[in-house]
Amino acid sequence: MKKTALLGLLFVFLFSCKNDHKIEHVERAFYYWKSERDRFDSIEFKLLDTLKIQKLYVKFFEVKYDETLGNIPFSKTNLNEYSWYNDDKPKNSLQIIPTVFIKNEVFLKSSKEEIDTLASNVKHLVSKYFDKRFENYPNYKEIQIDCDWTLKSRDNYFYFLKQLQKTAQKELSCTLRLYPFKYRTKMGVPPVKKATLMCYNLIQPFTDNSKNSILDLDELDSYLTVDKKYPIHLDVALPLFSWAHHYQYDEFKGFVNLNEQFLKEVCERKSELWYEVKKDTSFVDLYFRAGDKIKYEDVSQKKIRTTISKLKDKVNFDDQTTVTFFHLDTIISNKYSHETLTSFYNSFSY
């Protein structure tokens, strides 16, 4: 009897030690990455409202390096509150978080003086855009910097983050890919208070034609091998998008937006990811020839749920964490119901 009781206690102890890092309070967020549009459509408004989204990370602009002009902004957002219909307007409790994507080449080619100027210019342009476009919203408290920094660009990138923090006087966050998350000793830890762990685009699109470059679970597992908690607060981002690689005569023509209906009607499926166009056809403003090959990459509900389970098991999150999906778009309503999207957020808490 005593032996049975001891075994029972041991079982309870081992079960309670399961590494399940659920989040007590999830802040719901989306990325908004479109540049050309000045307003949300009605479905996107409904998503913000129905899902009770608290944060919207809006890409304000991108920065690239030009040999003649130096560091210049491009792909600037047109989004602004004044083009929204009054009855559609999101409640102004929604936090608009300016997000800036900076190409890695900027930090590979810039001097310290140029980086000082860049920090000042980023702060100025973010403030200008926010004041002009979101006047009736609470003033932004945070700026997020998105950059695929490398070991060679690390020192300049970290220097930029420190300089921007000084000049902006706002909370500064950055994105964190899985490679620097795992190899934190080698890559260093960004000098910010929090980072968003980006759990997508794990593989370079042309590296392995047999794998889904948006989200491959084996690739994800290979990075979630560090038990020790990351030194700064971690939020997390997951994908809801899909894309297609278009090949003509085995030459890559570009990334295109297609739907599954097009693939079913016009293509023959060759493997899990690959399709072949059966006849000459057009789709929106695109033209496909018979024999063209298409690699279609998507993220299923099952894969998202599995990813959430793996993250809860392997990553030590704080009690309050922002969960962000990339990205806010009408198309996701055709793929995921409001109930499904709500369940994704809630899954981090149980």
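For His246 and Phe252, the distance between ring centers is not under 6.0 angstrom. Aromatic rings from Phe262 and Phe288 are positioned such that their centres are separated by under 6.0 Å.
Looking at heavy atoms from C-beta onward, Val266 lies out of side-chain contact with Phe283 at the 4.5 angstrom threshold. Residues Arg177 and Asp148 are in side-chain contact: their nearest non-hydrogen atoms beyond the backbone lie under 4.5 Å apart. Looking only at side-chain heavy atoms (C-beta outward), Tyr230 and Leu176 come within less than 4.5 Å of each other. Side-chain contact check for Leu47 versus Phe40: every heavy-atom pair is 4.5 Å or farther apart. In this structure, the side chains of Leu94 and Ile96 come closer than 4.5 Å at one or more pairs of heavy atoms. At least one side-chain heavy atom of Phe241 sits less than 4.5 Å from a side-chain heavy atom of Tyr200. Put simply, the side chain of Tyr32 reaches to within 4.5 Å of the side chain of Arg37, judged on heavy atoms. Residues Lys123 and Leu164 have side chains in contact (heavy-atom distance under 4.5 Å, counting atoms from C-beta outward).
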Show, in sequence, the C-alpha distance, side-chain angles and deciding distance for Tyr179 and Lys186, and conclude whether the side chain to side chain donor-acceptor pair (under 3.5 Å) test is met. CA-CA 10 Å; Tyr179 184 87; Lys186 171 185 176 182; 2.9 Å; yes
Going through the checks in order, is the salt bridge (charged side-chain N to carboxylate O under 4.0 Å, His left out) test met by Glu67 and Lys109? CA-CA 9 Å; Glu67 293 294 343; Lys109 297 182 178 181; 3.4 Å; yes
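Although no hydrogens or angles enter the test, the distance criterion places a donor-acceptor pair under 3.5 Å between the side chain of Thr321 and the main chain of Asp318. Within the 3.5 Å criterion, the main-chain N or O of Glu219 finds a donor-acceptor partner in the side chain of Ser222. A donor-acceptor pair is defined here as one N or O able to donate and one able to accept, closer than 3.5 Å; no such pair exists between the side chain of Thr225 and the backbone of Asp221. Lys52 contributes no side-chain N or O that, together with a main-chain N or O of Arg28, makes up a donor-acceptor pair within less than 3.5 Å. The closest donor-acceptor contact from the side chain of Arg269 to the backbone of Glu272 lies under 3.5 Å. Put simply, the side chain of Lys170 gets close to the backbone of Tyr140: a donor and an acceptor are under 3.5 Å apart. Checking side-chain atoms of Tyr296 against main-chain N and O of Asn259 turns up no donor-acceptor pair under 3.5 Å. Of the possible polar contacts, none joining the Glu62 side chain to the Ser75 backbone as a donor-acceptor pair under 3.5 Å is found. The backbone N or O of Phe107 sits nowhere less than 3.5 Å from a side-chain atom of Ser110 that would complete a donor-acceptor pair. With hydrogens and angles disregarded, a donor-acceptor distance shorter than 3.5 Å links the side chain of Asn80 to the backbone of Asn78.
Connection of Leu263 to Ile214 is not established within any shared hydrophobic cluster, with ILVMFWY side chains joined at heavy-atom distances below 4.5 Å, either directly or through further cluster members.
Using a 3.5 Å distance cut-off with no hydrogens or angles, the side chains of Tyr157 and Asn104 do not pair a donor with an acceptor. Side-chain contact annotation: Glu27 with Thr322, donor-acceptor N/O pair under 3.5 Å present. In this model, a donor atom of one side chain and an acceptor atom of the other lie less than 3.5 Å apart for Asn156 and Lys112.
Between Tyr129 and Phe61, the ring planes are perpendicular. Angles over 60° get that label, and only those under 30° would be called parallel. The aromatic rings of Phe326 and Tyr31 lie tilted to each other, with the angle between the two planes from 30° to 60°.
The line from CZ of Arg305 to OG of Ser300 is 10.0 Å long, rounded to the nearest 0.5 Å.
Remark: Arg133 is not positioned above the aromatic ring of Phe130, lacking an NZ or CZ atom under 6.0 angstrom from the ring centre and at most 45 degrees off the axis. Taking the centre and axis of the six-membered ring of Phe101, the NZ or CZ atom of Lys59 falls outside the cone set by 45° and 6.0 Å.
One finds no salt bridge joining Lys303 and Asp298 here, because no Lys/Arg side-chain nitrogen approaches an Asp/Glu carboxylate oxygen to under 4.0 Å. A salt bridge between Glu260 and Lys335 is absent, with no side-chain N of the basic residue lying under 4.0 Å from a carboxylate O of the acidic one. Ion pairing of Lys270 with Glu268 is present here, as a side-chain N (NZ or NE/NH1/NH2) and a carboxylate O approach within less than 4.0 Å.
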